[in-house]
J.: 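Structure below; questions to follow.
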2 protein chains.
Amino acid sequence: MPGRWGKGPASWWHGEFKGCGYRITIPRQIILKVLEESSGHLSAEDIYLKVYKIYPAIGLATVYRTLEILVNMGLVSKFDFGDGRARYELIQDIKEPVHHHHLVCTNCGRIIDYTDFLEEEIELIKKIEKKLSAKYNFEIKNHTIQFNGLCDKCSNK
Amino acid sequence: MPGRWGKGPASWWHGEFKGCGYRITIPRQIILKVLEESSGHLSAEDIYLKVYKIYPAIGLATVYRTLEILVNMGLVSKFDFGDGRARYELIQDIKEPVHHHHLVCTNCGRIIDYTDFLEEEIELIKKIEKKLSAKYNFEIKNHTIQFNGLCDKCSNK
DNA sequence: TATAATAATGAGAATGATTATCAATAGTAA
DNA sequence: TTACTATTGATAATCATTCTCATTATTATA
């Protein structure tokens, strides 16, 4: 979790959270902990099950409610990979979002993260965002790039 | 519908359809007609209602079934803009997909199409696809680029 | 530290989009 | 025209997500 430790492992988000008027509760702490220790692409139920192992009193509704807050605060990204359930990922570094894009296999649903961007790739995204902001008077918060296709196992069949 | 007319306005997809073993039926013809004459971002229910005006015997299930086929055949794109329902758009030209990307207002849900790409934008996408195909052995079929943020009306409040 | 105010919770009901079921119908090749 | 069977429409079922509400926990304050 580069860029977030150093202020105490479990508290980097506490200030931001309180600043928005939210209370620091046990369920929320555990949900954040689970998000930190997992490798992304988690559905709400995935998260629920992981939290349940630590804190069996957890309710599914609380997981959804907490995720909604985190998404609105910009701490978590929400994705749709076309399998009928949303996926959630903690954003690694808010200041400089490390946007990893996704390769989604439309046959088996496998998801590959893609983080090794080309220099020009990052440049171009910035350039496009600037252009779009100006032209459409849009305040761009983030973007999503997703490539769909067939993974090696599904195309060689 | 550039690149598609010329073989008879209502038949460009018939051959492709039959080639896949599908029958040309009244409901399917009307659904295609509606997709052709609409400007994208249509939910299944939007399409159902438009078809209903022409052909009141239509069933919602048939709309979903037909859309699924069209998406699998690569004739229609399916999007998720985060409002809980899928959106469908006819792909303009299959040979050279004119990928229009989207600006989505996370507050009011407004969607703006963005089609005026930079030269380098198209180049770069091709380059990235080539790189990803090679590295991950992924057969890339299409991609989605979406910018999220606040539209002019929602950010000036 | 005790207290009051109220945000947050968990359980379960409700919602709403999408999918499955099935008997009736329509498209197709012959 | 016929026989075969894919497709259809109605509706039930599914399933992720959201809502409701009585109970509990957090927090600022005394």
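All chains are named by letter (A, B, ...) in the order of the sequence lines, taking the proteins before the strands, and each is independently numbered beginning at 1. The model shown is predicted, which means the values in this text are computed figures rather than measured ones.
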J.: Taking the side chain as C-beta and beyond, is there a heavy-atom pair between B:Ile69 and B:Phe17 under 4.5 Å?
T.: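 Result yes, sub-4.5 Å side-chain heavy-atom pair found.
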J.: Using whole Å, report how far CG of B:Leu60 lies from P of C:dT18.
T.: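 Atom-to-atom, B:Leu60 to C:dT18, this comes out as 9 Å.
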J.: Does OP1 or OP2 of D:dT17 have a side-chain N or O of A:Tyr64 closer than 4.0 Å?
T.: yes
J.: Measure from the side-chain heavy atoms of A:Thr25 and tell me the nearest of C:dT18, D:dG9, D:dT26.
T.: D:dT26
J.: To the nearest Å, how far apart are B:Phe17 CZ and C:dT28 C1'?
T.: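 Whole-Å distance recorded here is 15 Å.
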J.: Of all the choices, C:dT18, C:dG27, C:dT9, which nucleotide is nearest to the side chain of A:Arg65 once you look at every atom?
T.: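 Looking only at side-chain atoms, A:Arg65 lies closest to C:dT9.
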J.: Given atom CZ of B:Arg87 and atom P of C:dT18, what is their separation to the nearest angstrom?
T.: 9 Å
J.: Evaluate whether atom OH of B:Tyr52 has more than 12 neighbouring non-hydrogen atoms of other residues, nucleotides or ligands under 6.0 angstrom away.
T.: no
J.: Is any side-chain N or O of A:Arg28 closer than 4.0 Å to OP1 or OP2 of C:dT9?
T.: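 So the side-chain polar atoms of A:Arg28 do come within 4.0 Å of the phosphate oxygens OP1 or OP2 of C:dT9, strictly under.
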J.: Just to be sure I understand the rule, does B:Tyr48 reach a base, reach only the sugar-phosphate, or reach nothing, if contact means heavy atoms closer than 4.0 Å?
T.: nothing
J.: Could you tell me the separation between the CD1 atom of B:Ile58 and the P atom of D:dT7, rounded to a whole number of Å?
T.: 14 Å
J.: Return the nearest nucleotide to the side chain of A:Thr62; candidates are D:dT17, C:dT9, C:dA7.
T.: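 Within the option list, the nearest is C:dT9.
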J.: Among D:dT17, C:dA17, C:dT28, which nucleotide has an atom closest to any side-chain atom of B:Arg85?
T.: C:dA17
J.: Find the distance A:Gln29:CD to C:dA7:C1' and express it as a whole number of Å.
T.: 15 Å
J.: Rounding to a whole Å, what distance do you find between B:Asp80:CG and D:dT17:P?
T.: 10 Å
J.: With nearest nucleotide decided by heavy atoms, which residue, B:Tyr88 or B:Tyr22, maps closer to the 5′ end of DNA chain C?
T.: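 First, find each residue's nearest nucleotide; the 5'-ward one identifies B:Tyr88.
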J.: Rounded to whole Å, please give me the gap between CD1 in A:Ile30 and P in C:dG10.
T.: 9 Å
J.: Which whole-number value in Å describes the distance from A:Ile69 CD1 to C:dA7 P?
T.: 12 Å
J.: If the plane angle is over 60° it's perpendicular, under 30° parallel, otherwise tilted; pick one for B:His41 and B:His102.
T.: perpendicular
J.: Starting at the 5' end of DNA chain C, which residue's closest nucleotide do you reach first, B:Ile24 or A:Gly59?
T.: A:Gly59
J.: Among D:dA10, D:dT27, C:dT28, which is the nearest nucleotide to the side chain of B:Ala61?
T.: D:dA10
J.: What nucleotide among D:dT17, D:dT26, C:dT21 has an atom nearest to a side-chain atom of A:Ala44?
T.: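 Of all the options, the side chain of A:Ala44 is nearest to D:dT17.
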J.: Is the shortest heavy-atom distance from the side chain of A:Trp13 to the side chain of A:Ile24 under 4.5 Å?
T.: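 They are in side-chain contact.
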J.: Should the pair B:Lys127-B:Glu123 be classified as a salt bridge under the 4.0 Å nitrogen-to-oxygen rule?
T.: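 No.
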